[in-house]
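Data block below; observations after.
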Amino acid sequence: MASRSSKIIVYQVFTRLFGNRNTTRKENGTLAENGCGKMNHFDMPTLKRISDMGVTHIWYTGIIRHATQTDYTAYGIPRQHAEVVKGKAGSPYAIADYYDVDPDLADDVNHRMSEFEALVERTHKAGMKVIIDFVPNHVAREYKSICKPDGVKDLGEDDRPDMHFSTDNNFYYCWGQPLNLSNIKHDDTLSYQESPAKATGNDRFSSAPSKNDWYETVKLNYGIDYCDAGGRSEHFNPIPNTWGKMTDILLFWASKGVDGFRCDMAEMVPAAFWLWAIDKVKFCHPDIFFVGEVYNPSEYRHYIGAGFDYLYDKVGMYDCMRDVICGNRPASDITIQWQSTDDIRSHMLYFLENHDEQRIASSFFAGDATKGFPGHLVSLLLNRNPYMLYAGQEYGERGMDSEGFSGKDGRTTIFDYWCVESLRRGYFDRRRLTKGERLLESEYRKVMLIARNEKAVGEGEMFDLMYANSHMGDHSYAFLRKKDNEMLLVVANFDDFTACIDVNIPAHAFDYLHIPEGVYAAEDLLSGTTFQTALRADCPVHVQVPAWGGAVWKIVCTE
């Protein structure tokens, strides 16, 4: 078999939901009522199905133990107060113990870490790498580690709560003020006590967070005083106490065989910490990589400079692609987005869905999963950088369930116990897949395998053709990829109608990519059709592209 390209394709799975086959789907249902996916549901046949799509990395979302309303006290796990837990299952971003595995995910709760280690081993045997979340900015209000290694002091264990800020403190405190949750629940039955109140995770330095705040979390202190007399100030010398504790947590999970970390809200933690911590982790584990959730484009280069291998391209390519799919921006704006990060293009992670964003097929986005296909095509093939697919996207999951705390918002819940029907069918009851789901999965898989199998995608150069094709209008996008003598012509159609396009390949493309003029055999890798095509500078190539579809012509250019 020919060697595959170096293209990274990440498959995000919300572990708690992925393997759940309980179809009760009761709104606000408990674990006992609605069931839960397990790490062991990722058996070798399931992992092989994922790998066979061209996936290189699985991001197992929600592995580390977080706050939940489910009672695990029988296993020695502290119970969390319901008033500071969102949803019955709880948010995976309200970490309750950085050194523990979420018990929901284990068949045998007492051996949950062993089950995780076995999952890592199985994933590696299936030829894929493992990514887990690292949540550095905030923890659950009732954070308490019961699994920390001997000699490790817990977060907040030596804090002085009489000080709003100290580099020796892990948390921020509201002097002498108890936590006031009356903005969240307007009655007299509140019973959760916290005094003094700790600052809330989304930089809310008040004892009375609102329902729109991350009120179930508390902010970690990395040496920034947000409320001193002169405004925000940095105190990084001596090294803040939190830096060492959080770096040790990264090293702990790296020692379990984890290959990478998706770092939640990385930009809410100072770049100076990341530079310090990532250097130490990569010294011990040179091949480990870091993906940062950074939304401010002006900060991209600071965080790449601090050691991040990849950053979300959300406020840029994702927002643009969403607008193009919805008809709110011309497809030519895609060029503007990749050009804005051209110097760091290899570091930008493209995606169309994740657990934070609305599903393409939802009524809040495109309302039709097929309309996301050209965005999938362009996002995967445009550059060498990584691409991420959220589990269920390939089946057109709508995210229109009313699961409980999450509500009907076009997203797949991260707070509730639930069964995602498209995933249940796609992996555990395939005979019940609809015709549309089968077709979408097949088309998604084709493009992902093109990205993995064609060296022009993972290793080649890109040439954007839009400047030479202004006649394409607002709904088409075209570019070339080339490595050695193999070239791909990619055309995407973001329209309800078949597009018949004369694609002009300018003389500059022939010079830049070293394309010899001539008549060559070509194959459309999406349709499988073969034909002859002439390549001449400034001589249009006629391409027919189906509605909400694409063409990927492979041409081997020989002298």
Side-chain angles (χ1 to χ4, degrees), residues 13-42 60-97 100-112 115-116 133 135 139-144 146 181 184-185 187 189-192 211 214-217 355 391-392 397-425 427-429:
V13 295
F14 199 85
T15 319
R16 180 205 300 154
L17 303 180
F18 181 88
N20 188 17
R21 283 164 266 186
N22 182 327
T23 58
T24 303
R25 289 159 53 96
K26 176 183 176 182
E27 189 170 347
N28 282 311
T30 64
L31 172 64
E33 291 167 328
N34 280 357
C36 182
K38 306 292 182 180
M39 292 179 285
N40 285 339
H41 289 155
F42 291 91
Y60 292 108
T61 305
I63 290 293
I64 300 177
R65 182 162 69 82
H66 58 268
T68 178
Q69 293 187 37
T70 302
D71 185 0
Y72 283 103
T73 54
Y75 300 93
I77 298 172
R79 188 164 191 178
Q80 304 283 313
H81 198 293
E83 290 170 8
V84 285
V85 178
K86 290 181 176 178
K88 288 289 193 296
S91 167
Y93 298 101
I95 300 296
D97 187 344
D100 200 1
V101 169
D102 178 15
D104 279 347
L105 307 179
D107 285 324
D108 182 344
V109 173
N110 286 324
H111 294 93
R112 55 195 182 274
E115 289 189 23
F116 172 71
D133 292 284
V135 187
V139 296
R141 285 212 171 263
E142 294 185 288
Y143 182 92
K144 181 176 176 57
I146 60 171
L181 296 177
I184 296 152
K185 190 174 182 181
D187 59 36
T189 64
L190 291 166
S191 60
Y192 176 72
K211 65 179 180 180
W214 304 346
Y215 62 83
E216 83 280 27
T217 69
H355 66 278
E397 171 57 38
R398 299 199 66 223
M400 292 299 291
D401 296 328
S402 185
E403 306 100 334
F405 185 89
S406 178
K408 187 182 289 187
D409 60 359
R411 298 174 178 85
T412 296
T413 181
I414 66 169
F415 305 105
D416 306 287
Y417 295 111
W418 201 250
C419 172
V420 180
E421 274 294 315
S422 62
L423 285 174
R424 185 186 67 80
R425 291 193 297 272
Y427 283 90
F428 307 107
D429 195 7

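Please read all numbers here as calculations on a predicted model, not as lab measurements.
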Decide yes or no on side chain to side chain contact (heavy atoms under 4.5 Å, CB included) for V85 and E216, but give the supporting numbers first.
-> CA-CA 6 Å; V85 178; E216 83 280 27; 5.9 Å; no

Side chain to side chain contact (heavy atoms under 4.5 Å, CB included) between R424 and N20, intermediate numbers included | CA-CA 7 Å; R424 185 186 67 80; N20 188 17; over 6 Å; no

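- One finds the OG1 atom of T23 at 9.5 Å from the CG atom of N34 (value rounded to the nearest 0.5 Å).
- The distance from atom CH2 of W418 to atom CZ of R25, rounded to the nearest 0.5 Å, is 5.0 Å.
- One distance of note links NZ of K38 with CG of D108; it measures 10.5 Å at 0.5 Å rounding.
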Hey, mind stepping through E115 and R112 against salt bridge (Lys or Arg N to Asp or Glu O under 4.0 Å) and telling me if it holds?
-> CA-CA 5 Å; E115 289 189 23; R112 55 195 182 274; over 6 Å; no

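- Taking the ring centroids of Y60 and F116, they lie at or beyond the 6.0 Å cut-off.
- To the nearest 0.5 Å, atom CD1 of residue I414 and atom NZ of residue K86 are 8.5 Å apart.
- Checking each of D102, D104, V101 against M39 for a side chain to side chain contact (heavy atoms under 4.5 Å, CB included) leaves exactly one that passes, namely V101.
- If you check the side chains of Y417 and N22, you find no donor sitting under 3.5 Å from an acceptor.
- Here the side chain of D401 pairs no donor or acceptor atom with the backbone of E403 at under 3.5 angstrom.
- Checked by atom type and distance alone, the side chain of D416 pairs as donor or acceptor with a backbone atom of F405 at under 3.5 Å.
- Annotation: H355 is not in aromatic contact with F14 [ring centroid separation under 6.0 Å not met].
- In this structure, E27 CD and K88 NZ are separated by 10.0 Å, a value rounded to the nearest 0.5 Å.
- Ring geometry for F18 versus F428: interplanar angle over 60°, hence perpendicular rather than tilted (30 to 60°).
- Counting heavy-atom neighbours within 6.0 Å of K185 NZ, excluding the residue itself, gives a total above 12.
- How far OG1 of T412 is from CG of L423: 7.5 Å, rounded to the nearest 0.5 Å.
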Given R141 and H81, is the side chain to side chain contact (heavy atoms under 4.5 Å, CB included) satisfied, shown in steps?
-> CA-CA 9 Å; R141 285 212 171 263; H81 198 293; over 6 Å; no

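- Summarising the geometry of Q69 relative to G87, their closest heavy-atom pair is NE2-O, 3.0 Å, with the distance given to 0.1 Å.
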Could you check I95 against D133 for side chain to side chain contact (heavy atoms under 4.5 Å, CB included), going step by step and ending with a plain yes or no?
-> CA-CA 10 Å; I95 300 296; D133 292 284; over 6 Å; no

